[in-house]
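Below: the structure, in structure tokens.
When a ligand or atom number is given, it counts from 1 through the structure's own listing order. Quick note: residue numbers are just sequence positions, from 1.
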Amino acid sequence: MTTLVIGGAGYIGSHVVRLLLEQGQKVIVVDDLSTGLRRRTEGAELIELDVTLPDAREKLAFQMRASGADSVIHFAAHKQVGESVENPEMYWHDNIGGLANVLAACASAEVRDVVFSSSAAVYGMPDVDLVTEDLAPQPINPYGATKYVGEWMLADAERAHDMRTVALRYFNVAGAGWPELADTAVMNLVPIVLDRLERGQAPVVFGDGYDTPDGTCIRDYVHVLDLAHAHIAALDYLRGEERPHRTFNVGTGEGSSVLEVIDAIARAQGIEITPEIGEARAGDPARLICSGDRIARTLGWKSEHGLDDIVRSAVEARTAGITPDVEAYPEG
Ligand code: WQD
């Protein structure tokens, strides 16, 4: 089995690469190293390539043929909601154009199995307790829209070619499976809180007036290692016979509030944390928790790690010296 992992030098992609290598599979990583890190791809062949460029299709198809790839996992994309609102054209061009190139290359090289990184961002602000895949997506920002359009593209590619695809809708991913693969960007709650604490600043809670038990937003935090295993399960599924579904939520089915996450960080570090309560952030749903029924039933996947494991692994990675070296969260 040979898998081409596009965006395999990134935070989530590199965890999947590591698992595939541990299984003895052949892995080719394609990454433009714009945010990915070469050091995360140890043990895999790395092809430096920006999949959004006009000549990327031919180059990708060449790599697929040369390596004998039978499956592709596509991670490479921009993933910052705020940036997508400010610069939607970049998101449409790169996220959608990149995927179009990848699918065209798969069709030309006759790669059949494709796993795509989608997001809970496709759902927008759902007014339900548990989000199931049957809920009609209604993205509320360009980032989420590009992921939803990406899912349509997979469906079209399946119809047009001899292809099988799966879209995994990630909920809030955090933690580290191996310290050296930790998230080095400071864009999401857990890394932001750890970063602020390291700078001697109090974490800021974005609003405590939500309709939740402690007033702060609830999310479904999934350990990146569990998420990586979901990709392995998705590849197995594509290689099997029965294929009733093409989209799967990936989360734990458990919700944690912002204050609960901060408490877990305090426990992991053995310190007391007194957060500041700041303004609510525009476009934040009060709660976003997934139903994991479909993926459990169909792929046999279930998360193994809870919030404390997630937070502990993130703290350990920072203690091991894996601190931000790609993007820095602005001061203040
Ligand atoms: C989590 C919670 C904040 C920082 C985003 C994308 C989503 C998906 C995952 C990729 C929220 C609160 C945060 C802080 C806070 N991405 N918060 N203080 O917004 O749930 O999801 O990442 O697919 O599409 O939207 O994640 O980590 O930004 O926030 O109170 O300093 O923490 O309001 O409730 P979010 P997040």
Does ligand 1 have a heavy atom under 4.0 Å from the side chain of Val258, from its backbone, from both, or from neither?
-> side chain
Looking at Asn172, which atoms of ligand 1 are within less than 4.0 Å of one of its heavy atoms?
-> 1 (C), 20 (O), 21 (O), 26 (O), 35 (P)
Centres of the His231 and Tyr170 rings: under 6.0 Å?
-> yes
Please determine, by modelled atom types, if Glu158 and Thr165 share a side-chain donor-acceptor pair under 3.5 angstrom.
-> yes
Determine yes or no for a side-chain-to-main-chain donor-acceptor pair under 3.5 angstrom, with Asp50 supplying the side chain and Asp32 the backbone.
-> no
Establish, from distance only, whether the side-chain atoms of Arg169 and Asn249 form a donor-acceptor pair under 3.5 Å.
-> no
For Glu83 and Tyr91, what are the C-alpha separation, side-chain angles and deciding distance, and is it a side chain to side chain donor-acceptor pair (under 3.5 Å)?
-> CA-CA 9 Å; Glu83 180 185 62; Tyr91 275 69; 2.4 Å; yes
With atoms numbered from 1 as shown, which atoms in ligand 1 lie under 4.0 angstrom from a non-hydrogen atom of Tyr143?
-> 10 (C), 23 (O), 24 (O)
Please could you name the atoms of ligand 1 that Val205 approaches to less than 4.0 Å, counting only its heavy atoms?
-> 30 (O)
Listed partners of Arg312 passing side-chain contact (heavy atoms from CB on, under 4.5 Å), at least two apart = Asp308, Asp309, Glu316
Flag Arg281 as yes when one of its N or O atoms lies below 3.5 Å from any N or O atom of ligand 1, and as no otherwise.
-> yes
Any idea which atoms of ligand 1 are less than 4.0 Å away from a heavy-atom of Val81?
-> 6 (C), 25 (O)
Ligand 1 to Cys217 polar contact by distance, N or O atoms, under 3.5 Å | no
Should Ile73 and Leu235 be marked as a side chain to side chain contact (heavy atoms under 4.5 Å, CB included) after you check the CA-CA gap, both sets of side-chain angles, and the distance that decides it?
-> CA-CA 9 Å; Ile73 310 181; Leu235 282 179; 4.0 Å; yes
Logged contact type for Val204 with ligand 1, heavy-atom cut-off 4.0 Å, is backbone
Measure from atom 15 (C) of ligand 1 to every heavy atom in Tyr221, Phe171, Phe206, Tyr170 and give the option owning the shortest one.
-> Phe206
At under 4.0 Å between heavy atoms, what of Ile192 touches ligand 1? The answer is side chain
Determine whether the side chains of Asp220 and Thr252 contain a donor N or O and an acceptor N or O closer than 3.5 Å.
-> yes
Just which atoms of ligand 1 are under 4.0 Å from any heavy atom in Asn188?
-> 5 (C), 22 (O), 26 (O), 27 (O), 28 (O), 36 (P)
Atoms in ligand 1 flagged as close to Ser119, the criterion being non-hydrogen separation under 4.0 Å | 10 (C), 23 (O), 24 (O)
Hey, does the side chain of Arg196 reach the backbone of Ala202 with a donor-acceptor pair shorter than 3.5 angstrom?
-> yes
Output yes when the distance from some N or O of ligand 1 to some N or O of Lys79 is under 3.5 Å, and no in every other case.
-> no
